[in-house]
Amino acid sequence: MDKIIMKTPLVEMDGDEMTRVIWKMIKDILLLPYIDLKTEYYDLGLEKRNETDDQITVDSAMATKKYGVAVKCATITPNAARMEEYTLKEMWKSPNGTIRAILDGTVFRTPIIVKGIRPFVPTWKKPITIARHAYGDIYRDSEMRVSAGSKAELLITKADGTQEKQLIHDFKGDGILLGMHNLDDSIRSFARACFAYALDLKQDLWFSSKDTISKQYDHRFKDIFQEIYDAEYKSQFEQAGIEYFYTLIDDAVARVIRSEGGFIWACKNYDGDVMSDMIATAFGSLGLMTSVLVSPDGVYEYEAAHGTVQRHYYKHLKGEKTSTNSMATLFAWTGALRKRGELDAIPALCSFADKLEQAAIQTIEDGVMTGDLKSLCTLPEKKVVDTQTFLEEIKARLEARL
Ligand code: NAP
Ligand code: MG
C-alpha cells in the first residue's frame with residue numbers, strides 16, 4: 001500500500017511522561033508506516049516549555065489558529081513538586097489553559113464505547129458528549145465571610161460614574177457571601193462552539209441551566225443561546241435534521257439518565273465540571289475518554305482527557321513493563337487526521353482514521369486490553385497486555401482492514 005499523502009500539516013503538540021512514551025509508539029507503530037505524516041511539531045514537554053519561557057505553548061496555539069487542526073499529548077501542569085523535579089524558572093501555567101485562552105475554545109468530552117465495557121446506566125447505547133463553558137462563575141468569584149450585624153449589598157459603578165445598588169442580605173448571624181460574573185462575549189463564543197460542534201457531529205444539542213431560580217444570571221445564558229440559534233444556526237440544524245433545545249438542569253439530569261445517549265449536553269462551568277466526571281465514571285474509564293477543544297471559528301484541538309499517567313511513567317523509567325491505556329491518545333490522533341482529511345478533501349485519510357478506530361475497538365472486544373479495563377470488562381476471556389503489545393495487537397487488526 002502506498003502511503004497516504006497529506007496536504008496541510010497537523011499541529012503536533014508533544015507532551016510529558018507516560019503519554020509522551022505512548023505518543024512515539026503510536027506514531028511509530030500505527031501512523032508512520034501508512035501515512036506520509038505531515039506535522040508542524042511543537043514540543044510542549046515541560047523541559048522545552050521551561051527553556052522557552054513557555055513561548056512554545058503560545059506558538060503552538062498560534063499555529064493551530066493558522067492551520068485549523070491540532071493534536072495534543074497530555075502535559076504536566078507544574079506544582080511545587082514539579083518545580084523541584086524539573087528545576088523550573090517559574091511555575092508555568094497549564095498549557096491547556098493557555099491554549100484555550102488563545103483559541104477562545106470550548107472543550108467537548110466524549111467516551112469511547114466498547115462492547116464488554118458496559119456503562120453503569122443500562123439504557124446508554126451511544127456516547128454522551130459534555131460541553132463545559134470554561135469561563136467565569138465560581139471559578140472567578142470573590143468570596144467573603146460575613147459577621148453578624150453586617151449588611152451586604154451589590155454595588156455597580158457604571159462607566160458614567162452613576163451607581164446601582166441592591167440589597168443582598170441583612171446578616172443577623174455570621175454567614176458567607178459570594179460574588180461571581182460572566183461575560184456576554186464568552187457565553188456567545190461558548191454557544192457558537194456548541195452549535196458548530198453539534199452540526200459537525202450531526203447530533204442534537206441540549207443546554208441546561210437554572211433560569212427559573214436565577215432569573216437574570218442563568219436566564220442570560222438561555223437567552224444568548226436562543227438568540228444565536230435563531231439568528232445563525234436554526235436553518236442549518238433543520239437541514240441536518242438535528243435539534244437544539246433548552247431545559248432546566250434538573251430536568252436534563254433526569255432525561256440524560258433515561259436516554260440512549262448520542263447527543264451533546266452543554267453545561268455552565270460548574271455543572272460541566274461535575275457532570276463530565278459523572279459521565280466519564282458512568283461510562284467506564286478515564287483511559288476511554290476523548291476530548292476536543294473547538295473554537296467558535298471552527299478550529300479543532302484533539303487530546304485525551306487524562307493526564308500524563310505519572311505513576312506508570314516511573315515504573316517505565318525503572319525498566320518495568322506498564323499496561324497503560326493508549327485508546328484516548330490514539331483517538332486524539334484519529335480525530336485530528338479525520339478532520340484534516342475532511343478539510344483537505346482526502347477521503348483516504350478519513351477512511352484510515354475510521355479503520356484505525358475500528359481496529360482499536362475490535363482489539364478490546366476481542367478481549368485484549370490494558371490493565372485499567374480488566375475489572376470493568378464483562379467479557380469471559382480477557383488478556384491483559386502491556387502498553388506496546390496492545391498497540392501491536394491493534395496494528396494486526398488494522399492491517400486486516402487495509
Ligand atoms: P492522570 O495522569 O490522568 O492519572 C491518574 C490515574 O488514573 C493514573 O495514576 C491511573 O491510575 C489512571 N489513568 C489515567 N489515565 C490512564 C490510562 N491512559 N491508562 C491507565 N490508567 C490511567 O492524572 P494525575 O496522575 O493526576 O496527573 C498526572 C499529570 O498529568 C499531572 O502533572 C497533571 O498536571 C497532568 N494532567 C494533564 C492533563 C492534560 O494535559 N490534559 C490532564 C490532567 C492531568 P493507576 O495509577 O491506579 O493505574
Ligand atoms: Mg472536575
Side-chain angles (χ1 to χ4, degrees), residues 1-13 23 25-41 63-73 105 108 110-114 126-127 129 193 195-204 233 236-242 262-264 290-295 297-304 326-365 391-402:
M1 179 189 139
D2 287 340
K3 284 192 188 182
I4 300 165
I5 305 290
M6 292 176 64
K7 289 179 192 157
T8 316
L10 272 180
V11 177
E12 176 184 352
M13 304 170 175
W23 195 258
M25 286 183 184
I26 289 176
K27 284 173 68 180
D28 288 344
I29 300 171
L30 293 171
L31 302 177
L32 291 169
Y34 312 102
I35 304 173
D36 194 12
L37 195 65
K38 235 185 178 174
T39 72
E40 195 164 295
Y41 180 84
T64 306
K65 271 194 151 174
K66 175 174 166 194
Y67 293 114
V69 187
V71 56
K72 181 180 170 292
C73 181
F108 296 84
T110 312
I112 302 163
I113 303 279
V114 181
K126 290 178 256 173
T129 299
F195 289 126
Y197 198 56
L199 281 171
D200 195 16
L201 294 196
K202 298 220 171 7
Q203 288 186 354
D204 290 348
Y233 292 95
Q236 296 181 69
F237 266 55
E238 283 165 3
Q239 239 165 32
I242 56 174
F263 54 88
I264 299 163
T290 66
S291 183
V292 57
L293 177 73
V294 181
S295 81
D297 47 348
V299 165
Y300 293 76
E301 182 237 298
Y302 294 84
E303 62 173 326
S326 47
M327 286 290 280
T329 304
L330 178 61
F331 274 60
W333 274 101
T334 52
L337 290 168
R338 185 186 297 106
K339 180 52 75 186
R340 205 59 271 170
E342 282 168 22
L343 294 175
D344 294 347
I346 313 171
L349 198 55
C350 300
S351 152
F352 177 81
D354 292 343
K355 286 175 181 159
L356 183 47
E357 287 182 359
Q358 289 157 11
I361 289 172
Q362 186 67 53
T363 305
I364 299 175
E365 292 182 348
L391 293 171
E392 278 158 3
E393 291 272 352
I394 296 176
K395 185 185 178 76
R397 287 165 182 81
L398 172 67
E399 301 233 314
R401 282 162 200 271
L402 288 175

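Listed by chain and number, the residues in a ring-ring contact (aromatic ring centres under 6.0 Å, His included) with Y300 amount to none (sequence neighbours excluded). Residues passing the side chain to side chain contact (heavy atoms under 4.5 Å, CB included) test with T110 are P127, T129, T290, sequence neighbours excluded. Under the rule for a side chain to side chain contact (heavy atoms under 4.5 Å, CB included), the partners of A198 that lie at least two apart in sequence or sit in another chain are L205, F237, I242, I264. Considering only residues two or more places apart in sequence or on other chains, E301 meets the salt bridge (Lys or Arg N to Asp or Glu O under 4.0 Å) condition with none of them. Applying the side chain to side chain contact (heavy atoms under 4.5 Å, CB included) criterion to A332, with sequence neighbours excluded, gives V71, Y302. Applying the side-chain hydrogen bond (donor to acceptor under 3.5 Å, both in side chains) criterion to E40, with sequence neighbours excluded, gives Y42, Y67. With sequence neighbours left out, K355 forms a salt bridge (Lys or Arg N to Asp or Glu O under 4.0 Å) with no residue at all. Legend: residues meeting side-chain hydrogen bond (donor to acceptor under 3.5 Å, both in side chains) with Y34, ordered by chain and number and at least two apart, are K395, E399. Partners of K66 according to the side chain to side chain contact (heavy atoms under 4.5 Å, CB included) rule, which considers only residues two or more places apart in sequence or in another chain, do not exist here. The salt bridge (Lys or Arg N to Asp or Glu O under 4.0 Å) test applied to E342 returns K339, not counting sequence neighbours. With sequence neighbours excluded, no residue forms a salt bridge (Lys or Arg N to Asp or Glu O under 4.0 Å) with D297. In this structure T329 satisfies the side-chain hydrogen bond (donor to acceptor under 3.5 Å, both in side chains) test with no other residue, sequence neighbours excluded.
In this structure, the separation between CG on L37 and NZ on K3 is 9.0 Å, given to the nearest 0.5 Å. Taking CZ of R340 as the reference point, atom CG of L10 lies at 6.5 Å (rounded to 0.5 Å). Summarising the geometry, atom CG belonging to D354 is positioned 10.0 Å from atom CG belonging to L349; distances are rounded to the nearest 0.5 Å. Distance check: E12 CD to K27 NZ gives 3.5 Å after rounding to the nearest 0.5 Å. Note that CH2 of W333 is 9.5 Å distant from SG of C73, once rounded to the nearest 0.5 Å. Distance check, rounded to the nearest 0.5 Å: CD of E393 to CD1 of I29 gives 11.5 Å.
Scanning all heavy atoms of the two residues, the minimum distance from A240 to L199 falls at CB-CD2, 4.1 Å. Across every non-hydrogen atom of R338 and C350, the tightest pair is O-SG, 3.5 Å. Looking at every heavy atom in both residues, L391 comes nearest to M25 through CD1-CB, 3.5 Å. Across all non-hydrogen atoms, the minimal contact from F352 to L31 is CE2-CD2, 4.0 Å. Contact record, A70 with M13: CB-CE, 3.9 Å, taken as the closest heavy-atom pair.
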*Take Y197 and V292 through the test side chain to side chain contact (heavy atoms under 4.5 Å, CB included) and record every step on the way to the result.*
CA-CA 10 Å; Y197 198 56; V292 57; 3.2 Å; yes

*Before giving the answer on side chain to side chain contact (heavy atoms under 4.5 Å, CB included), spell out for L330 and I394 the whole-Å C-alpha distance, their side-chain angles and the decisive distance to 0.1 Å.*
CA-CA 11 Å; L330 178 61; I394 296 176; 4.0 Å; yes

_Under the criterion side chain to side chain contact (heavy atoms under 4.5 Å, CB included), I'd like the reasoning laid out for V114 against E365: C-alpha separation, chi angles, the key distance, then a yes or no._
CA-CA 7 Å; V114 181; E365 292 182 348; 3.7 Å; yes

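For D2, the CG atom is loosely surrounded, since the number of other residues' heavy atoms within 6.0 Å does not exceed 12. A 6.0 Å sphere centred on CD of E238 holds more than 12 heavy atoms belonging to other residues, nucleotides or ligands.
For the pair M327 and I364, the minimum side-chain heavy-atom distance is below 4.5 Å.
Remark: the backbone N or O of K7 is paired with a side-chain donor or acceptor of K38 at under 3.5 angstrom. Using a distance-only test at 3.5 Å, with no hydrogens or angles considered, a donor-acceptor pair links the side chain of D344 to the main chain of T8.
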